[in-house]
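Remarks on the structure that follows.
Read the numbers this way: they start at 1 and go in the same order the structure lists the ligands and their atoms.
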Amino acid sequence: MVKEFDLIERIRAAVSGARADVRLGIGDDAALCDLDSGRSLVVTTDTLNEGVHFSPGDAPFDLGHKSLAVSLSDLAAMGAEPAWALLNLSVPAVDDDWIRPFICGFSALLKAHDVQLVGGDTCRGPRSITWTLMGQVQGDRALTRSGAMPEDRIVVSGVPGRAGLALAHKRTGAELPASLSDALHRPDPRVALGQALLDVATAAIDLSDGLWADLGHLCRASGLGATIDADCLPVDEFLATLEPAKRIEHQLGGGDDYELCFTVGAAGERRLQALADRLGLPLTVIGRMTEQPGLRCRDTRGRVVAPPSTGFVHFKNEDDLP
Ligand code: ADP
Ligand code: MG
């Protein structure tokens with residue numbers, strides 16, 4: 001088990017909390033708190049630290065965009081309509097050449113999603129960016145990780161694995177084609193898709209740690225397992241050129257895509273094509289949920305495909321825990 005989740009579990013176990021208005025607390029992409037209006041507040045927060053999530057040389061415009069996109073993606077996974085944001089920012093000094101493009105990077109995305117920045121906090125320290133995003137959803141309608149049923153189809157938006165491939169390219173020092181670079185640095189949070197899925201999907205999660213790891217979270221939350229059909233995983237022109245084993249490693253193991261992975265019953269499956277056409281976004285059935293727990297991946301000839309060396313790990317050793 002990834003140590004990050006052991007730590008979260010320790011914190012969760014130590015705090016009692018039984019407020020009747022907390023519909024969903026720790027454990028999903030965002031929390032759901034009932035409001036008197038009959039709607040629920042959907043709230044999520046994410047931190048990006050220099051040296052962990054980004055490098056000192058990374059373009060500040062991209063960081064502004066991506067740091068916000070990551071949190072919008074969590075709201076998308078709940079089917080929420082984003083509304084308000086808080087930004088907690090630590091920087092070692094006020095460097096105008098960094099701050100200006102950083103602000104440009106997120107302000108365009110705030111505007112695109114009609115989200116207003118309503119506060120935050122600013123400190124001196126190693127560069128660290130924390131967004132708290134709030135949105136709303138009608139009472140009990142939010143998508144969660146826990147609603148999948150046996151035999152539901154598993155669907156992904158876009159082409160998971162592209163961001164990981166871009167990162168691998170970048171590490172070799174190779175020049176990145178613009179469209180691949182955008183997959184890594186300018187993810188487009190699937191907010192419209194999430195809201196459209198409120199009537200369609202039985203469960204949803206966003207892909208931050210890689211399809212294998214994140215579908216694993218959805219399976220555990222739903223008390224089910226999943227079988228992925230390796231030959232159904234979407235490819236783009238770049239993934240298509242890779243050796244099959246390498247391609248699968250990116251498709252199942254690559255993180256940072258911020259696509260949605262969701263499950264649909266037979267009625268939902270019939271609506272996928274119209275939805276994909278309306279949003280101009282590929283939606284691909286990649287497998288199905290099973291009563292049998294655990295994840296499996298097979299090709300169309302039934303051969304087992306080895307799982308990737310899974311998602312991003314924050315705390316590798318017990319000693320790394322604070
Ligand atoms: P995501 O990748 O979707 O942002 P995480 O894997 O970071 O989600 O977190 C999993 C769950 O644990 C979420 O519900 C999150 O709010 C919660 N969580 C993470 N860190 C803490 C913490 N320090 N205290 C309380 N809850 C936490
Ligand atoms: Mg998430």
With heavy atoms of [X] as the reference, note each atom of ligand 1 found under 4.0 Å away.
X    : value
D46  : 4 (O)
F5   : 6 (O)
I8   : 9 (O), 12 (O), 18 (N), 19 (C), 20 (N), 27 (C)
S208 : 2 (O)
R145 : 3 (O)

Quick check on side chain to side chain contact (heavy atoms under 4.5 Å, CB included): which of I154, D257, I286, L295 does L211 satisfy it with? I286
For ligand 1, is there an N or O atom under 3.5 Å from any N or O atom of [X]?
X    : result
D28  : yes
I11  : no
D209 : no

Touching ligand 1 at all, E9? Heavy atoms, strictly under 4.0 Å? no
Under 3.5 Å, which donor-acceptor pairs do the side chains of residues 95-105 form with other protein atoms, sequence neighbours left out?
| residue | atom | partner | partner atom | Å |
| --- | --- | --- | --- | --- |
| D95 | OD1 | D97 | N | 3.0 |
| D96 | OD2 | R100 | NH2 | 3.4 |

Ring pair (Phe, Tyr, Trp, His ring centres under 6.0 Å) pairs, two or more places apart, involving residues 124-154: F106-W131
Do [X] and [Y] pair up side chain to side chain, a donor and an acceptor below 3.5 Å, judged on atom types alone?
X    : Y    : value
S90  : S128 : no
S73  : D206 : yes
T227 : T290 : no

Can the ring centres of F54 and H185 be said to be less than 6.0 Å apart? no
